[in-house]
Amino acid sequence: MISKPLDQAGLVQAALSARDKAYAPYSGFRVGAALLTAGGKVYTGCNIENSSYGLTCCAERVALFKAVSEGERDFRAVAVASDGGDYCVPCGACLQVLAEFGDGILVYMCSNAGKYRVRAVADLLPDRFSLRRDSANVEVNRN
Ligand code: THU
């Protein structure tokens, strides 16, 4: 956990650095994430693969689970960086897990060069799974 205040560029840099910790012997694709709490702390994560491939955990969820297990619930932003050449967009599963803690969390999708694009979780995953039986989705599907 990083407790010194980080600006946007610092959060992006933390995600790029977290990527170095990735355990990705099967895909060779390293991902790093840095999650900013409302209180200004930063929890980092990397992807952790397994020989039973489906047990792999993405970097974003590692960061989020670390933070929640330390008592954090209120998040402002997450930066994600990968080995890929393009801006790193979180997978749908990670967006669903992030959305549990706030549709408004800002996602900084980083390139290798440290450039980034930013979108809110709600923009990347506009219709997510919900246990509500009277959700707007149900209304839409009835029409
Ligand atoms: N991965 C992440 O860490 N985050 C994502 O949002 C999508 C994919 C990881 C999982 C796996 O170790 C590697 O990238 C290739 O899929």
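Only heavy atoms go into these numbers, but all of them, side chains included; no hydrogens, no water, no symmetry mates. Just so we're clear, the structure is a prediction, and the values are computed from it rather than from any experiment. Counting convention: from 1, in listed order, for ligands and their atoms alike.
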query: Near C91, which atoms of ligand 1 are under 4.0 Å from a heavy atom of that residue?
result: 5 (C), 6 (O), 7 (C)

field: Proximal ligand 1 atoms for P90, defined as those under 4.0 Å from one of its heavy atoms
entry: 6 (O)

Aromatic plane relationship, F101 with F75 - under 30° parallel, 30 to 60° tilted, over 60° perpendicular: perpendicular

Identify the protein heavy atom lying closest to [atom], giving its residue, its atom name and the separation to 0.1 Å.
| atom | value |
| --- | --- |
| atom 1 (N) of ligand 1 | C58 SG, 3.6 Å |
| atom 4 (N) of ligand 1 | E60 OE1, 2.8 Å |
| atom 15 (C) of ligand 1 | S27 OG, 3.9 Å |
| atom 10 (C) of ligand 1 | T56 CG2, 3.9 Å |
| atom 12 (O) of ligand 1 | E49 OE2, 2.5 Å |
| atom 9 (C) of ligand 1 | N47 ND2, 3.7 Å |
| atom 3 (O) of ligand 1 | A59 N, 2.9 Å |

message: Looking at E49 and Y26, would you say the former's side chain and the latter's main chain have a donor-acceptor pair under 3.5 Å?
response: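 Present.
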
task: List the steps and the verdict of side chain to side chain donor-acceptor pair (under 3.5 Å) for Y43 and E72.
output: CA-CA 10 Å; Y43 289 84; E72 306 285 356; 3.1 Å; yes

task: Assess whether atom NZ of K66 is packed by more than 12 heavy atoms of other residues, nucleotides or ligands within 6.0 Å.
output: yes

Reported CD1-to-CG distance for the pair I48 and N50, which is rounded to 0.5 angstrom: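 With rounding to 0.5 Å, CD1 (I48) is 10.0 Å from CG (N50).
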
Modelled atom types, side-chain donor and acceptor of N112 and R19, under 3.5 Å: yes

message: Would Y108 and Q8 count as a side chain to side chain contact (heavy atoms under 4.5 Å, CB included) here? Give the steps.
response: CA-CA 8 Å; Y108 288 82; Q8 293 166 355; 3.2 Å; yes

